[in-house]
Structures are given as structure tokens and as C-alpha cells.
2 protein chains.
Amino acid sequence: MATIRDVAKEAGLSTGTVSKALSTPEKVSAKNRLKVEAAIKKLKYKPNLLARRFRSSRANTIVVMVPDIANLFFAKLISGIENVAQQAGFNVLLGDTKDTFEREEAFVRMVETRLADGLINLRPSRSCEPLLAREGVLSVTASSCENTPGVSVRIDNAAAAEKAVSYLVKLGHRRIGLVTGLKDNPHTADRQKGYCQALQAAGIEFDPALVIEGDFNFWSGISAAEQFSQLADRPTAVFCMSDEMAIAAIKGFADRGLKVPEDVSVIGFDDMEVARYVTPTLTTIAQPAEKIGERAASLLIEQINGHTPAIREHVLPYEFIIRDSVGPVNRM
Amino acid sequence: MATIRDVAKEAGLSTGTVSKALSTPEKVSAKNRLKVEAAIKKLKYKPNLLARRFRSSRANTIVVMVPDIANLFFAKLISGIENVAQQAGFNVLLGDTKDTFEREEAFVRMVETRLADGLINLRPSRSCEPLLAREGVLSVTASSCENTPGVSVRIDNAAAAEKAVSYLVKLGHRRIGLVTGLKDNPHTADRQKGYCQALQAAGIEFDPALVIEGDFNFWSGISAAEQFSQLADRPTAVFCMSDEMAIAAIKGFADRGLKVPEDVSVIGFDDMEVARYVTPTLTTIAQPAEKIGERAASLLIEQINGHTPAIREHVLPYEFIIRDSVGPVNRM
DNA sequence: CTGTTAGCGCCTTCAG
DNA sequence: CTGAAGGCGCTAACAG
């Protein structure tokens with residue numbers, strides 16, 4: 001591997017001049033610039049960026065900590081992060097934590113050991129809060145929830161949920177089921193709050209029998225639909241905290257002979273690609289995943305460059321997308 | 001930031017001894033080891049891994065070049081890569097190329113500039129072959145196709161397609177439609193070969209009218225179904241080269257009043273999560289995505305460690321998954 | 001504009 | 001087992 005010294009020797013110049021020719025060519029005479037270029041080509045010189053980083057003590061890298069990379073929502077978010085990072089000359093190091101504390105810590109340590117300049121956390125969780133609070137670790141939490149400490153980017157989960165449920169109310173529904181995410185997931189709390197607010201605004205009493213705890217995934221949606229079907233006074237509409245559960249619920253209802261939206265309406269959350277593919281197409285809430293990623297990356301890079309963001313909590317607009325899985329109430 | 005020198009001073013030892021205490025503690029006297037540990041704790045010393053990498057001229061990093069990160073198949077593959085990389089002490093740098101040559105080159109350059117030790121390519125394409133062939137760039141192609149140069153990992157696409165089509169033949173189908181991927185995608189060729197082989201084995205003549213070019217994505221599946229529906233002698237079964245197109249085709253047929261599998265059978269390819277969610281559930285071919293990723297990572301790390309893999313072309317087993325979207329032929 | 005020099009933090013000789 | 005010294009490749013500071 002040719003080094004800058006080899007190039008200098010070949011060009012008959014000093015390493016300092018070659019270095020300058022690379023970083024600020026305009027400050028080197030045209031003649032010498034050409035000599036350097038020729039030498040570089042001849043020796044196939046490639047600067048050792050590992051050395052450069054070491055010297056500048058800047059990794060030019062940000063770590064993205066993601067609970068599960070095989071999740072479309074996170075994938076889009078990451079895509080947004082990449083857009084901005086690339087632009088700013090940063091590499092993106094992907095950290096799939098698989099939900100283990102051990103791995104979360106390993107990634108935080110990468111920042112502490114200077115392998116990365118900062119970190120974007122894609123999962124607000126109690127467990128990693130102390131990690132992110134470690135001094136010298138710059139971080140941004142993306143897709144956060146209310147009261148996330150530090151700099152964060154999110155949508156207003158409560159308002160989004162309220163909007164969805166209000167829409168059901170407007171169509172005449174009064175028995176509205178809720179399928180939540182995992183109880184200890186912070187998004188669950190925010191969205192449930194919105195659900196309750198919508199009911200209250202409509203003067204509908206909260207009925208615990210209509211709330212079923214899920215885990216955001218397919219089977220819990222199926223199971224919720226089964227439970228709802230067996231209820232004497234079953235709901236005419238169901239709000240699910242994820243598209244995956246919503247799609248599963250539609251299937252679950254179908255298995256019990258209930259048609260969506262004729263017999264029961266269903267709303268999801270996330271607007272995953274699939275939401276457009278299923279029959280009926282799914283009414284849902286779209287999070288601007290890519291935009292959230294972009295904003296998070298900007299905020300992190302801003303911090304890396306020594307600026308403290310003026311606003312700590314960034315709330316981006318969500319979108320309520322009406323498709324075919326919701327209809328007016330239509331009870332016997 | 002405390003350096004190893006600060007620790008040495010604090011402990012009243014030399015940097016060399018501290019260094020040894022970190023890498024090979026057993027070669028340092030117990031007394032001094034304790035001194036070092038105390039100093040580290042007191043100063044909150046964290047080794048500068050940037051410096052370590054520079055010195056060892058090993059980035060301990062592999063780049064994964066992916067055409068589109070918002071694709072479940074790739075996500076799973078990456079997950080497999082991460083498993084192995086993490087284990088071996090390597091970081092995974094994600095490179096979403098967004099299908100541009102410019103970005104592909106940027107990632108290859110990372111290896112040349114020593115920011116990464118090697119590269120895993122998740123998309124076999126003519127365009128990047130010369131890039132990967134650059135000397136000094138170690139690479140593995142994952143999810144490759146026949147005749148991919150260099151070290152590669154894949155399933156036998158032709159055999160998988162043949163298996164799927166033979167299955168349709170066995171159920172009495174003789175007019176079997178094919179929805180391909182993009183013409184210049186190498187997987188398309190392999191899978192079409194399998195389709196033709198199956199027809200030939202059954203003595204069915206190849207009919208170009210039954211082959212429609214798609215692009216692996218949703219809309220091309222819809223459009224293919226429409227075209228098939230209008231055929232005077234429409235196919236009784238359709239093999240699609242991706243699940244997404246297959247699911248779309250089912251929807252497209254439904255829109256034309258054709259039921260799956262009663263009126264027409266449909267098979268997909270990939271076994272994406274969705275395949276289990278749609279109605280009817282989708283018969284398809286599963287690629288061992290995670291395993292492919294793991295194998296690719298192992299092969300790359302093997303090369304980084306200076307060993308040349310004995311086998312260059314690794315073909316992993318696929319799985320044919322029978323669900324509800326295929327039935328026996330049932331023609332008027 | 002160019003050359004010289006020093007040093008980033010670490011590890012690995014090589015003596016002692 | 002420990003200490004001293006050198007150098008990885010690069011850039012920045014300073015002198016010419």
C-alpha cells in the first residue's frame with residue numbers, strides 16, 4: 001500500500017505539500033499539483049482514512065441502534081438517516097440490539113471509545129436511558145414518545161390515536177375495541193391516552209372489557225379478534241396499535257364469519273406497505289418514517305459539530321389515511 | 001479524555017505495562033494489574049479504538065451493500081450477517097446504494113481506504129462486478145445467481161422455480177402463467193430457466209403469451225393478473241417470481257371475479273412475512289435469508305483473516321412451502 | 001508556496 | 001516482569 005510518503009518521494013515533494021494538494025489544492029502551485037496527481041495515479045495511492053480519522057479524532061460515523069432491523073418501519077427510518085448522514089460525510093453503523101441490554105451497551109461503548117461520534121436510538125426504553133445519559137455520549141432518540149429524555153423526534157401518538165378513534169365515533173360507533181401494544185412499550189401508553197381522550201370527548205364510558213393487550217405482532221391480533229367476537233355485546237369497531245395486528249384482526253374476524261367493514265371496522269397504525277395490499281385495504285395512521293430519520297440525523301450531526309439543538313423535542317406531523325376497512329356503524 | 005499515558009502516570013507505571021495489562025493481563029504481576037485497574041476506574045479511562053485500529057491497520061468493520069434496506073428479505077439477510085460479525089468482533093456498516101453506481105463505488109472505496117476490511121454485496125449486478133474485482137477488495141456476494149464471479153452464497157433458483165412449477169403440473173395444470181422479475185435482474189433468468197425445465201419435463205409446450213415481465217413489485221402483479229384474465233385461453237395457474245407480485249396477482253384476479261385457488265392457482269417466491277397473512281395464504285418458496293447472511297459473513301471474515309475459501313460458490317437449501325393459494329386444476 | 005518537524009494514542013519490540 | 005523508544009499515516013504549525 002502506497003503511503004503519502006511514497007507519493008511525496010515519487011513527486012519529488014514533501015509530504016506536507018502532498019497533503020495540502022489533497023485537502024486544499026488551490027493552495028498548491030499548478031505545477032506541483034500535477035506532479036502530485038501523476039504520482040498518485042502511478043502508485044494507485046489511496047489515502048488511509050483510518051489514519052486520518054485517528055489524527056482528527058473524528059470517526060465520521062454515527063451508530064443507529066435498532067431493536068429489530070426486519071421491521072419495515074425502522075427500515076424506512078434508517079433510510080432517512082442514511083440520506084442525511086451520507087450528505088454530511090458520515091457513515092452509518094447499524095446496530096441491531098435484538099432487544100438485549102448487553103448489545104445496547106456495546107453500541108454505546110462504541111461512542112465512548114471514539115469509534116462513533118454519536119448515536120441514534122430507535123427505541124425509547126427505560127433500560128437504555130442511563131446508557132444514553134453517560135457523559136460524552138451524544139444521542140438522539142427517534143420515534144420517541146412523550147417525556148423521552150434528551151433530544152428526540154416523534155409524532156404525537158396520543159393525538160393520532162385520538163384522531164382515529166374520533167373518526168370511528170363520527171361514523172356512529174360507540175363500542176370501540178382497542179388492541180394495545182406491549183404494556184411496557186411507551187408508545188402503548190401514549191396511544192391509549194389518545195383512545196381514552198376520544199371516548200371522553202364523545203361522552204362514551206371507558207369499558208375495560210374492550211381493551212385487549214397485544215404485542216404489536218400478528219398472532220396477538222388474531223387472538224384479540226377471537227376474544228372480541230365472543231363478547232355478548234361485541235364492538236362494532238376496533239383500533240389496533242399496529243398494522244400487523246389490524247391485518248391479523250381482519251383475518252381473525254373473517255374466520256369467525258364477521259366481515260370488515262360491514263360487520264366490524266378496523267383501524268391500524270404505521271401505514272406499512274402491506275396496508276395497501278390487504279383486502280379490504282387498511283385505514284391507518286402513517287408515520288413519516290423517513291422524515292423522522294432525517295430529522296434525527298440532522299439533530300445528531302448538529303450536536304457532533306458542537307451545537308446544542310435549540311429545541312429538544314421534535315414532533316412531526318402524522319397522517320390519517322382513510323381506506324376501506326372502516327364503515328359506518330351497522331348493527332343488526 | 002484520559003489516555004493510556006494518563007493511566008500509566010496515575011498507576012506509576014509505563015504505558016507499555018498498562019497496554020499489556022489490557023491485552024494480556026496474565027503477563028503482568030498481580031500487584032501492578034490492580035494498580036492499573038484502579039487508575040482506569042479513577043480516570044474513567046476508555047481506550048481509543050480509533051488509535052488501536054490505526055495502529056493495527058484493521059478496521060474490524062465490514063460493509064454490507066444493499067440495494068434497498070426497506071425490503072424484508074434483505075433485512076433478514078443483514079440480521080444473519082450481524083449475528084456472525086458481532087461474534088467475530090466486527091462492526092457492520094450498512095450501505096444503502098439506492099441502486100446508484102456512485103454510491104456503490106463509494107462503499108467499495110471504503111474498503112480501499114481501509115475504513116472497512118471487506119464487503120458483502122447483496123445484489124448481483126453487472127455494474128458492480130468491475131468494482132468488486134478491484135485488487136485488494138475482499139468481497140462476498142450474497143443472494144447471488146448462477147455464474148456470479150467471486151465468492152458467493154445463494155439458493156438454487158432454477159431448481160426452486162422448477163419445483164414450484166412441477167407442483168402445479170402434478171395438480172393437473174397445463175396452462176401455467178409466469179410473472180417474471182425485471183429482465184436484466186439475474187435472478188429472473190435463473191428462475192425462468194427452472195420454469196421452462198418443468199414445462200419441458202411435463203411435455204408442455206412453452207407459450208410466450210403466458211410470460212409477462214414484471215418488476216418484482218406490487219403493481220406489476222396487478223397488471224399481470226389483468227392481462228392473464230383477458231386471455232381467451234387464460235392460465236389455470238400462475239407462478240410469480242416474488243411474493244409481492246403474487247399477492248398483487250391474487251388481488252388482481254379477485255378484482256376480475258376470479259377466485260384463488262378455485263379459479264386460478266398462484267405461487268410466489270421469497271416467503272415474506274406477508275405470505276402468511278394474506279387470504280388465501282400464499283404457497284411460495286422460502287429462501288433461508290438469515291442463513292445466507294451468516295454464511296456470507298463467515299466467508300468474508302475467513303478471507304479477511306487471510307484464508308481463501310475452499311469453495312467459491314455456496315448453494316443453500318430452499319424450502320417449498322405449501323399453503324392455500326394453490327388447488328387442483330378445475331376448468332369448466 | 002514549500003519543507004521540516006512534531007505528535008495524535010496505541011502497541012510492540014528490545015533491553016534490562 | 002517492566003521501561004524506554006520507535007513508528008503506524010496523516011496533518012498542522014511554523015519557518016523559510
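The sequence lines fix the lettering, A, B, ..., with proteins before strands; numbering per chain opens at 1. No hydrogens, no waters, no symmetry mates; every other heavy atom, side chains included, goes into these values.
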S.K.: Taking for each residue the nucleotide of DNA chain D with the nearest heavy atom, is it K27(B) or S23(A) whose nucleotide lies nearer the 5' end?
M.R.: K27(B)
S.K.: Just checking, any donor-acceptor pair under 3.5 angstrom between side chains of Q287(A) and R154(A)?
M.R.: no
S.K.: In whole Å, what is the span from the CG atom of L49(B) to the P atom of dC8(C)?
M.R.: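 My rounded result for the distance is 18 Å.
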S.K.: How would you label the contact of L50(B) with the nucleic acid (heavy atoms, under 4.0 Å): base, sugar-phosphate, or nothing?
M.R.: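 The answer is nothing, as L50(B) stays clear of every strand by at least 4.0 Å.
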S.K.: For the side chain of R55(A), counting heavy atoms from C-beta on, which of dC11(C), dG3(D), dG7(C) is nearest?
M.R.: dG7(C)
S.K.: If you look at every strand shown and take non-hydrogen atoms under 4.0 Å, does S29(B) touch a base, only sugar-phosphate, or nothing?
M.R.: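 Contact class for S29(B): sugar-phosphate only.
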S.K.: Take the protein atom NZ of K31(A) and the nucleotide atom C1' of dC1(C), then report the distance between them rounded to whole Å.
M.R.: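 Going from NZ in K31(A) over to C1' in dC1(C) covers 11 Å.
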S.K.: Distance check needed: dG9(D) C1' versus R52(A) CZ, whole Å only.
M.R.: 10 Å
S.K.: Of the nucleotides dC8(C), dC11(C), dT5(C), which one has an atom closest to the side chain of I4(B)?
M.R.: dC11(C)
S.K.: So, does S19(B) get its side chain near the phosphate of dC10(C), meaning an N or O under 4.0 Å from OP1 or OP2?
M.R.: no
S.K.: Can you see which heavy atom on L77(B) is nearest to which on L122(B), and at what distance?
M.R.: CD2-CD1, 4.0 Å
S.K.: Could you check how far CZ of R5(A) sits from P of dT5(C), rounded to whole Å?
M.R.: 13 Å
S.K.: I need the minimum non-hydrogen distance between V28(A) and R33(A), along with the two atoms involved.
M.R.: O-NH2, 3.3 Å
S.K.: Considering only side-chain heavy atoms of P47(B), which listed nucleotide, dC11(C), dG3(D), dC10(C), is closest?
M.R.: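 Per side-chain heavy atoms of P47(B), the pick is dC10(C).
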S.K.: Could you check G16(A) against K20(B) and say which one's nearest nucleotide on DNA chain C is further toward the 5' end?
M.R.: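 Between the two, 5'-proximity favours G16(A).
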S.K.: Does K291(B) NZ have over 12 foreign heavy atoms under 6.0 Å away?
M.R.: no
S.K.: M1(B) CE to dC8(C) C1': how many Å, rounded?
M.R.: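 Rounded to whole Å, this separation is 15 Å.
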S.K.: What is the nucleic acid contact for T3(A), judged by heavy atoms within less than 4.0 Å: base, sugar-phosphate only, or nothing?
M.R.: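 Sugar-phosphate contact only - T3(A) comes under 4.0 Å of backbone atoms but never of a base.
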S.K.: What is the separation between atom CG on L22(A) and atom P on dC1(C), rounded to the nearest whole Å?
M.R.: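 Spelled out: CG on L22(A) to P on dC1(C) is 16 Å.
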S.K.: If you look at every heavy atom in L119(A) and L300(A), which pair is closest and at what distance?
M.R.: N-CD2, 3.5 Å
S.K.: In this structure, how many angstroms lie between the P atom of dG9(D) and the CG atom of L43(A), rounded?
M.R.: 14 Å
S.K.: For the pair made of NZ in K35(A) and C1' in dC1(C), what is the distance, rounded to whole Å?
M.R.: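 Computing the K35(A):NZ to dC1(C):C1' distance gives 13 Å.
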S.K.: Considering just the side-chain nitrogens and oxygens of S14(A), establish if one lies under 4.0 Å of OP1 or OP2 belonging to dG3(C).
M.R.: yes
S.K.: Of all the choices, dC8(D), dC11(C), dC1(C), which nucleotide is nearest to the side chain of F54(B) once you look at every atom?
M.R.: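 The answer is dC8(D), which lies nearest to the side chain.
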